[in-house]
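Reading through the structure tokens given below for one structure.
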Amino acid sequence: MDYPLPQVTPLTEPFWGALRRGRIAFQACACGHRWLPAREACPRCLGTDHRWEDGSGRAQVVSWVVYHTAHHDAFKDRVPYNVAIVELAEGPRLITNVRAPHDTLRVGMPVVLAVEEEAGFALARFAPAAA
Amino acid sequence: MRGKAVIAGIGHTAFGKQPGRDTVALNVEACRRALEDARVPKDAVDAVFVKTPTSQRELMYGQKLAEALGVQPRMGCALDQGGAANITGIMLAVMAIEAGQCEVALCCYADNPRSGSRQVYARPRGDDAAYGWFSTAAGYAMIHQAYAQRYKPPPEAFGAVAVACRANGAANPHAQLRKPITMDDYLAAPWVVEPLRRDDCCLVSDGAAAVVVMSAKRARELGVPAPVPILGFGQGQSSWEITLRPDLTTTEAKRAAATAFAMAGVGPKDVKVAQIYDCFTVTVLMTLEDYGFCPPGGAADFVRDGRIAIGGDLPVNTSGGLLSETGMPGLQLVLEGVRQIRGTAVSQVKGADVALVTNQGGTMHTHATLILGG
Ligand SMILES: [Zn+2]
């Protein structure tokens, strides 16, 4: 069964490359704005004077859902599974899975990056931060 | 521009399954019925605004439809905004008419995801499919969760919307789903994608609807029997995908409503009946708050004890909405708003002189408002 892996492009390669090093990265502009997903131009100032920066890996949960049916064969044996929005301590947000029992998830719950591989590809999952 | 343009006629196909019919054919049937309702000859039409179907992407869809209608428009286009595109088409028609660019516009929409492809509703969401992020419903589940966590409404608040819409659909002979539910049914139904239960989610439907738009003056000249004045309209667009949206518990309905209420010279207290876009029940709760019918977080109280049912303080989705009449997103709500002002609705609200219709597109990306009046 084919796992639905991301389509890596020259634009997004630094993001996935950082995960292979165990870090979460985002784009940071000279104007001070930081964002994900990868873009050619800064969505605040439209400039291109930006670079990739590694984040701390710390984040908090914004919202989440729990799938009880799978829309792809790769997830058939994984239901129920959660998908969450998390906000990095540095500001950018992303879609992820939080490795925690669903009934413990809360808005604002602190989580940390927990890189996991799927079919040899490093993904940005998160786990509850140690208290 | 308040009241200067009217909806002169409305038409729709049967709702439900329409196997073997393409969306152009469905649109043509709805347009023919709308012109018959307006008692306007096809030759008077000089504009076509059509929402693109979700079941299949087609290039130059507006041109294809105009060809099948045998119309060479002076003005018009195909609109890609999800459900909001229906009211947007009507707004653009009104503004084009006011600007002297056209006189008689057809605004229409057809779709056939039920017998055709419903792939768009289950689609992978880009690279995030690697995390299992699929489907339209899951985006609304994210919003439902954020709303529920912030305001702690009981599940019965969402259930009240489903129960009211399903009761209205059961009374509507044209509705696709004529099976009312109880609150116990709502609570016992399985998760689709948690926290969405089965009956939080709209239908998947084939069908088409159309309206004829023209100036009030032209309607008088043509002898249109039951024109319904357009009092106001407005729109708002959040560009943010929900991952990036700073606040998941409010919508663009706020900006759209402010524009439309100001244009119409009315406020929430003047609205006697509302057709609120109900792709998912949370959409109705958040929309009621954003229009000022109740404060933020107050929708749970507002919808309690049958207040949005027929006979309540603000009857909502009186023909069943997306949850019960047809999942075909958006234009059926405009048709029901017109019937309420005409006084010809199956579940007629007495004294309905101001009707609100709301459309929404994407995952609460675009909101469009239409206010109709007697
Ligand atoms: Zn910048």
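In the text below, chain A, chain B and the rest are named by the order of the sequence lines, each starting its count at 1.
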Given the options B/Pro190, B/Ser135, B/Ala137, B/Gly126, which has more heavy-atom pairs under 4.5 Å with chain A than any of the others?
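Between B/Pro190, B/Ser135, B/Ala137, B/Gly126, the count favours B/Ser135.
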
What option among B/Val192, B/Leu196, B/Leu248, B/Thr243 has the most heavy-atom pairs under 4.5 Å with chain A?
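So the answer, after comparing B/Val192, B/Leu196, B/Leu248, B/Thr243, is B/Thr243.
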
Below 4.5 Å, heavy-atom pairs only: which of A/Pro43, A/Ala70, A/Pro4 has the largest tally toward chain B?
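Answer, by heavy-atom pair count under 4.5 Å with chain B: A/Pro4.
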
Closest-packed option against chain B by number of heavy-atom pairs under 4.5 Å, given A/Asn97, A/Val79, A/Val8
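The residue among A/Asn97, A/Val79, A/Val8 with the greatest pair count is A/Asn97.
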
Does the [X] side chain pair with the main chain of [Y], one donor and one acceptor, at a distance under 3.5 Å?
| X | Y | result |
| --- | --- | --- |
| A/Arg125 | A/Thr96 | no |
| B/Asp290 | B/Thr251 | yes |
| A/Arg34 | A/Glu90 | yes |

Kindly confirm or rule out a cation-pi arrangement of A/Arg78 over A/Tyr81, judged by NZ or CZ under 6.0 Å from the six-membered ring centre and within 45° of its axis?
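Relative to the ring axis of A/Tyr81, which defines the angle, A/Arg78 lies outside at least one limit.
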
Quick one: what part of A/Gln7 sits under 4.5 Å from any heavy atom of chain B, side chain, backbone, both or neither?
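When you check distances to chain B, atoms from both the backbone and side chain of A/Gln7 fall under 4.5 Å.
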
Which bit of A/Ala84 is near chain B, if near means a heavy-atom gap under 4.5 Å: side chain, backbone, both or neither?
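A/Ala84 touches chain B through backbone heavy atoms alone.
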
Determine whether B/Thr287 and B/Tyr277 make a side-chain contact, defined as any pair of heavy atoms from C-beta on separated by less than 4.5 Å.
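No, too far: nothing below the 4.5 Å cut-off.
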
